[in-house]
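Order of the sequence lines sets the chain letters (A, B, ...), proteins ahead of strands, with each chain counted from 1. Keep in mind that what you see is a predicted model, and the values were worked out from it rather than measured. FYI, side chains are in, hydrogens and waters are out, and symmetry mates aren't considered; it's all heavy atoms of this structure.
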Amino acid sequence: MKTLDNSNPIAAAVYFICAAGVAMFSRDPIIIALSLAGAVTLCILQKGGGHLFFAALFVLGTAVNPLFNHRGSRVLFVLNNNPVTAEALLYGALSSAMVVAAIYWFKCFSTIMTSDKLLYIFGSAMPKLSLIISMALRYVPLFTRQAKTVSAAQKTMGIYKEENIIDSIKAKIRVFSVMVTWTLENGIITADSMEARGYSAGRRSFFAIYKFTSKDVFLLAASLLLAGAALLLTSVGDSAAVFEFFPTAAMLPPESWGVKIWAAYISYGILAMLPSALELEEVVRWKYLQSKI
Amino acid sequence: MEILAVKNLNFAYPCCVGKAVEDVSFSVKKGEFIALCGATGSGKSTLLRLLKRELQPLGELSGEVLLGGKNVNRLSVRDSAGKIGFVMQRPEQQIVTDKVWHELAFGLENLGTPKNEMRRRIAEISEYFGISGWFEKGVDELSGGQKQLLNLAAVMVMQPELLILDEPTAQLDPIAASDFIATLQKLNRELGLTIIIAEHRLEDVIPICDRMMVMDKGRLRLCLPPREAAQRLNEYPELLKSMPASVRIYNALDKRDEECPLTIREGSDFICRNFGNSVKCLADAPKAERGEAALEFENVWFRYGRNLPDVLKGTNFTACAGEIFCLLGGNGSGKSTLLKNASGIARAYSGSIKVFGKKIEKYKENSLYKECLAFLPQDVQAVFLKNTVREELAEVGGEERIPAELFAQLQQKNIFDSHPYDLSGGEQQLVAFAKVLAAKPRILLLDEPTKGLDARTKQELSSMLKKLKNNGVAVVVVTHDVEFAAETADRCAMFFRGEIISADSPEEFFACNNFYSTAANRMTRGHYEKAVTVEQAVELCRANGERSGR
């Protein structure tokens, strides 16, 4: 089994959509807790930082909700003639946990899905568009570098005074206008180079450095099945009845949750923890193989 | 077996008087390595572009180009793209995509090659060219040499039968350029690839080519093996200047009974065999008085970011008014960074830089650039902002402010109404030079001024710098070009790991260097002393006279 980073980008992207998607549209505290736990573990394994910031975000989100939401029956205290309720506080914790979990998922997503991989996903569907994006990505650093060189060169020729804003704005405009010419001029060479390598020869094929292996199929199938199961079972098993926030926060005892609800939680739990488990499994196997030598 | 045949080829650009290519006929056998030489504007590029249909310029064409017996204009699109590979001058602009692997795949994608075959061919080519180490990198992280190698690999992956290169090393430093030529030689030897290459820098190409074609004013003048062609080069003095040092020495000494030496080893042998060494060295040129200190670096430290390594590590040097100071050193040694510091574009974090005795920070509001210091960047295109040369020059004050001689030179070339980007490399350099000199600098900083110039423009540049020097200007040149430094500089210095290692007159400097030295010096080492330029070597040979009794 491969870790998420080494998987085919399409499989990895589908995994993220499933894992984050289910939690984003769910109001179920257990699902959200599992999602948060999965995302945070993965982020730690990826050696990502910023946990303090996310913790602060969570606290802030929790604290803000009761200031605006005054529903609920258990009043903790009264602030400016407005009651602050335990229910509102709990609900605040739930929504900010959901937001923080979503941000964590995106953080992991952006670490794993580099521009190459995103381009690959686009490219499989639209090769022409992917080539254009690739050329644009190539062009941006080229343009920035040349613009810097030009403005430095202009400065040292002593044409500008630059003690006032108008002069320096004028200078910027001049540099920009010559950069347009430069772009067109260089575009001709690039076009020649493309033409010389048969750009207009007809149907293009599409090359990628990523393969689609049986393990990627497994990841893809697992993501879709587990997410589908979690969604289906929570709605069929009526998970909305398990937790109630307003008017009084209440929870059915775990014995009376029903098999469907338990199955939903277990399948989502596996889904959320899947990449972390793969990552850990790899570490353990590596250690084990090393110890064998 | 004949692979390419050109028959009575004529070509004229629209609205141009005269033909760019006139009555050219030649044929190329499979596996031949052909060097195409000629001065700027002799029609080399046009001829090469006529060989590949996709790049043919618009104009009046007659005659035939046959590839494997078939007219190139009647080849199928796929054959035409795949069978003839073409590499151009500017490495940066030929690259299409953002990743190395994607660039390698680009040509194959265009031809609709099946995925598995693409995978195999790309793997094969990146192993052969040693690209595997940077296969997944973005193209903007590569050095100039790597970029051009990538361009070559991206063409070779399509498995062409004929490879055409139009001045591929013009924008590279000498070391990257020799590496590139060595790769071409390897392709030619190991794969039997047919190569036609047009070049300014012929030192590396001439010894390995099978035939040399010389073009002049659109006509093909010579098409002979290099040894025979080299013997007849006295008729083409322009071209002779760009030949390897051994060929220049041979032609200057005019010893027709000997074969022409092409390499350093043959040249050294030729001199030892034919000329004595009773006179070991020439009289030292009188040392000129050094003027006031113009640019002083005292223990300067610089880095690009707080967490990045130091680029300048306690650099010390002084450049004086009325001298040409050449800084030599490898790629990425920080030479250009030093110039950025000297020109006030970058600011050192420790140490002091003084311009005419005054600290560089004390020059407020661009007063540094008013009749004091000027900097010509490596890419001279960066200097141009207008649509015609006339406007460019008018912007900096026009005729009055530009040195009369330079202005006359520009006038002669009849380029005032052209767009600066349309000029040749040499002409661009001249216009940029005029623009920079209009600020009447007393310190002139030049970054790689000889890049992409032909031998003649180099000589013009050299004499222009000498004139400036005589007017009391301090000229600081950063360059890779040892031959240029030997001919032009008053003092040369080696820059290594952020420090100036040694500074001396070119004769002393190159005579002490074993590896980093001019071809003439390496050729005469042990036989003569302090012969750094071709002229000095020739003079010594003449002074000693031919050995008798052979």
- Given the options A:V140, A:L137, A:I188, which has more heavy-atom pairs under 4.5 Å with chain B than any of the others?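 Max contact count across the listed options: A:L137.
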
- Residues of residues 156-165 of chain B with any heavy atom under 4.5 Å of a heavy atom in chain A: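 The list, in residue order, reads B:M158.
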
- Will you find, in the side chains of B:T337 and B:Y304, an N or O donor that is under 3.5 Å from an N or O acceptor?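 Their side chains do contain a donor-acceptor pair, which is all the 3.5 Å distance test asks for.
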
- Which residues pass the ring pair (Phe, Tyr, Trp, His ring centres under 6.0 Å) test with A:Y199, sequence neighbours left out?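 Partners of A:Y199 by the ring pair (Phe, Tyr, Trp, His ring centres under 6.0 Å) criterion come out as none, since no residue qualifies.
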
- Query: Of all residues at least two apart in sequence or in a different chain, which pass the ring pair (Phe, Tyr, Trp, His ring centres under 6.0 Å) check with A:Y15?
  - Reply: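 With neighbours one apart ignored, the set is empty.
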
Quick check for you: among [options], which has the greatest number of heavy-atom pairs under 4.5 Å with chain A?
{"options": "B:F135, B:F86, B:Y421", "value": "B:Y421"}
{"options": "B:Q381, B:M88, B:K52, B:E92", "value": "B:E92"}
{"options": "B:Q89, B:H419, B:K99, B:R78", "value": "B:K99"}

- Message: Could you check whether any side-chain heavy atom of A:S193 comes within less than 4.5 Å of a side-chain heavy atom of A:R197, counting everything from C-beta outward?
- Response: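 Yes - at least one pair of side-chain heavy atoms lies under 4.5 Å apart.
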
- Query: What orientation do A:Y139 and A:F143 show, parallel under 30°, tilted 30 to 60°, or perpendicular over 60°?
  - Reply: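 Aromatic pair A:Y139/A:F143 classed tilted.
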
Against chain B, label [X] side chain, backbone, both or neither, depending on which of its atoms sit under 4.5 Å from a heavy atom there.
{"X": "A:E195", "result": "both"}
{"X": "A:A191", "result": "neither"}
{"X": "A:L142", "result": "side chain"}

- Message: As a quick check of understanding, evaluate side chain to side chain contact (heavy atoms under 4.5 Å, CB included) for B:L373 and A:T156, giving each step before the final call.
- Response: CA-CA 8 Å; B:L373 180 144; A:T156 58; 5.6 Å; no

- Message: Looking at every heavy atom in both B:L444 and B:P441, which two are closest together, and how far apart are they?
- Response: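 The answer is CD1-CG, 4.4 Å.
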
- Lys/Arg-Asp/Glu bridge criterion (N-O < 4.0 Å) met for B:E392, B:K386: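 Salt bridge between B:E392 and B:K386, a charged N being under 4.0 Å from a carboxylate O: no.
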
- Query: Okay, side chain of B:Q148, backbone of B:P168: is any donor-acceptor separation there less than 3.5 Å?
  - Reply: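 Side chain of B:Q148 to backbone of B:P168, a donor-acceptor pair under 3.5 Å: yes, one is there.
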
Please tabulate, for side-chain N and O atoms in residues 44-58 of chain A, each donor-acceptor pair with protein atoms closer than 3.5 Å (sequence neighbours left out).
from: A:H51; atom 1: ND1; to: A:Y104; atom 2: OH; distance (Å): 2.7
from: A:H51; atom 1: NE2; to: A:G48; atom 2: O; distance (Å): 3.2

- Checking B:A154 against chain A: side chain, backbone, both or neither under 4.5 Å from a heavy atom?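 Contact with chain A: backbone and side chain both.
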
